Amino acid sequence: MTNMAGLRIDGPVSEILLNDPDRRNALSAPVFDDLERCLDDVEASVASGRSHVLRLRGAGTAFCAGFDLDAMANDGALPSFLDRLGSCCLRLRRLDAVVVAEVHGPAVAGGCAIVSACDLVLAGPDARFGYPVHRLGISPAVSMPTLVPAVESGGAREMMLGGRLIDAGTAHRLGLVHHLFDDRETLARGTDALVGRLAAMDGPTLAETKRFLNQLDGTDDDERFRATLEASIARGRSDEATTMIAAIHERT
């Protein structure tokens, strides 16, 4: 069976590949299962002093297209998916390693939440970001603790409330994307170069610097993550969300 998320560790660099390209790496139970196992192994590698950089990317034409709509409509998986997404985002932000996202294609809804939890974001021109989830009765609040510090306040409000996707250039201007590349090949080379520079740096110093940054932007505050996650889950359990998800699913 193909792993829906795979891990490769090469000295100081760990790499997680979201690997369900036929479904644009949509977050399903199998994807979460494998992603969580990968994060377990990365955390162990970091704790042992072996790794201090994590590269995160997606196979195929997308980084991550959000939650699996079939599972939400047929299995009532939305509350569980939100809980697992919140946990993954918290783990990425608290990991004592620099997390680098290499983004091509859609990084929407849950995919955008994962990107916002990373430390450095590199994107190609086809990358798209946003939270077009209101039509499903879903609140993107779970992503607020990491999106708001990444994007200036007005831009974060527009992304959270506007329900539209933004392109890579707009995400770069807002601060969500840190480095923008002309095509997928140069994106990969640019990510290679950045990861290589980070790998040559002192891991404990980078970890300490990241912890200070988390203190300054408030992402060391467990309550922020808990409250916004609970708000998203409460909305996801509502009758309105169930009805809206079923209606969208029937039309797809």
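Bear in mind the structure is a predicted one, so any value in this text is a computation, not a measurement.
Without hydrogens or angle criteria, N214 side chain to R93 main chain gives a donor-acceptor distance under 3.5 Å. Within the 3.5 Å criterion, the main-chain N or O of E185 finds a donor-acceptor partner in the side chain of D183. A distance-only check finds a donor-acceptor pair linking the side chain of S232 to the backbone of S139 [under 3.5 Å]. T242 places a side-chain N or O within donor-acceptor distance of the main-chain N or O of S238, the cut-off being under 3.5 Å. Looking at S45, its side chain never comes within 3.5 Å of a backbone N or O of D41 through a donor-acceptor pair. Put simply, the side chain of N19 never gets that close to the backbone of G6: no donor and acceptor are under 3.5 Å apart. Not a single donor-acceptor pair under 3.5 Å links the side chain of H179 to the backbone N or O of T191. The closest donor-acceptor contact from the side chain of K210 to the backbone of L95 lies under 3.5 Å. With T170 contributing its side chain and I166 its backbone, the two residues share no donor-acceptor pair below 3.5 Å.
The nearest pair of heavy atoms linking D119 to A97 is OD2-O, 3.4 Å. When all heavy atoms of N25 and L18 are compared, the closest pair comes out as OD1-O, 3.1 Å. Residues S14 and V42 approach most closely at CB-CG2, 4.0 Å, considering heavy atoms. Of all heavy-atom pairs between L56 and C118, the closest is CD2-SG, 4.1 Å. Here the closest non-hydrogen pair linking H52 and L198 is NE2-O, 2.9 Å. For H178 against L120, the heavy-atom pair with the smallest separation is ND1-CA, 3.4 Å.
Between H134 and P140, the closest side-chain pair of non-hydrogen atoms falls below 4.5 Å. Using a 4.5 Å heavy-atom threshold, the side chains of E15 and V195 count as separate. Between Y131 and L147, some side-chain heavy-atom pair lies under the 4.5 Å cut-off. The side-chain heavy atoms of D68 and L27, taken from C-beta on, include no pair separated by under 4.5 Å.
Expressed to the nearest 0.5 Å, how far OG1 of T219 lies from CG of L213 amounts to 8.5 Å. Of the inter-residue distances, the one linking T2 atom OG1 with D20 atom CG reads 9.0 Å to the nearest 0.5 angstrom. Note that the CD atom of E240 and the CD1 atom of I245 stand 11.5 Å from one another [nearest 0.5 Å]. Between atom CD1 of residue I16 and atom CD1 of residue I9 there is a gap of 9.0 Å, rounded to the nearest 0.5 Å. The distance from atom CZ of R94 to atom CZ of F225, rounded to the nearest 0.5 Å, is 5.5 Å. Between D126 atom CG and F63 atom CZ the span is 13.0 Å, to the nearest 0.5 Å.
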Checklist entry - Hey, mind stepping through R164 and E158 against side chain to side chain contact (heavy atoms under 4.5 Å, CB included) and telling me if it holds? => result CA-CA 9 Å; R164 70 183 182 97; E158 202 284 331; 2.9 Å; yes
Item to check | side chain to side chain contact (heavy atoms under 4.5 Å, CB included) between M159 and L176, intermediate numbers included | outcome: CA-CA 11 Å; M159 286 186 70; L176 179 61; 4.1 Å; yes
Checklist entry - Would L122 and V103 satisfy side chain to side chain contact (heavy atoms under 4.5 Å, CB included), going step by step from the backbone distance to the final call? => result CA-CA 6 Å; L122 294 77; V103 184; over 6 Å; no
Checklist entry - Can you list the steps and then say if L165 with F129 is a side chain to side chain contact (heavy atoms under 4.5 Å, CB included)? => result CA-CA 5 Å; L165 299 183; F129 306 88; over 6 Å; no
Next on the checklist: Would D220 and R211 count as a salt bridge (charged side-chain N to carboxylate O under 4.0 Å, His left out) here? Give the steps.
Outcome noted: CA-CA 8 Å; D220 66 337; R211 287 193 291 268; over 6 Å; no
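Using a cut-off of 4.0 Å between Lys/Arg side-chain N and Asp/Glu carboxylate O, R128 and D167 are scored as not salt-bridged. Between R224 and D217 there is no salt bridge, since none of the side-chain N atoms of the basic residue sits less than 4.0 Å from a carboxylate O of the acidic one. Taking the charged nitrogens against the carboxylate oxygens, D10 and R50 have no contact shorter than 4.0 Å, which rules out a salt bridge.
Under a hydrophobic clustering in which Ile, Leu, Val, Met, Phe, Trp and Tyr are joined whenever their side-chain heavy atoms come within less than 4.5 Å, directly or via other members, F32 and L54 fall into the same cluster. In the hydrophobic clustering of this structure, L180 does not group with V151; members are Ile, Leu, Val, Met, Phe, Trp, Tyr whose side-chain heavy atoms approach within less than 4.5 Å, directly or through other members. Note on F67 and L90: separate hydrophobic clusters, where clusters join Ile, Leu, Val, Met, Phe, Trp and Tyr whose side-chain heavy atoms are under 4.5 Å apart, directly or indirectly. A single hydrophobic cluster is seen to contain both I233 and L78, as judged by linkage of ILVMFWY side chains at heavy-atom distances under 4.5 Å, directly or through other members. In the hydrophobic cluster analysis, where Ile, Leu, Val, Met, Phe, Trp and Tyr join through side-chain heavy atoms closer than 4.5 angstrom, L206 is grouped apart from L92.
Surrounding CZ of R235 are more than 12 heavy atoms belonging to other residues, nucleotides or ligands, all under 6.0 Å away. For D202, the CG atom sits in a packed shell: over 12 heavy atoms of surrounding residues, nucleotides or ligands are nearer than 6.0 Å.
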Show which side-chain atoms of residues 79-89 pair as donor or acceptor with protein atoms under 3.5 Å away, not counting sequence neighbours.
from, atom 1, to, atom 2, distance (Å)
R84, NE, E36, OE2, 2.9
R84, NH2, D33, OD1, 2.5
R84, NH2, E36, OE1, 2.7

What donor-acceptor contacts under 3.5 angstrom involve side-chain atoms of residues 109-116, with partners at least two apart or in another chain?
from, atom 1, to, atom 2, distance (Å)
S116, OG, A113, O, 2.8
S116, OG, S143, OG, 3.4
S116, OG, T146, OG1, 2.7

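Counted by atom type alone, T186 and R189 present zero donor-acceptor pairs between their side chains at under 3.5 Å.
Applying the side chain to side chain donor-acceptor pair (under 3.5 Å) test to D192 and every residue at least two apart in sequence or in another chain returns R55.
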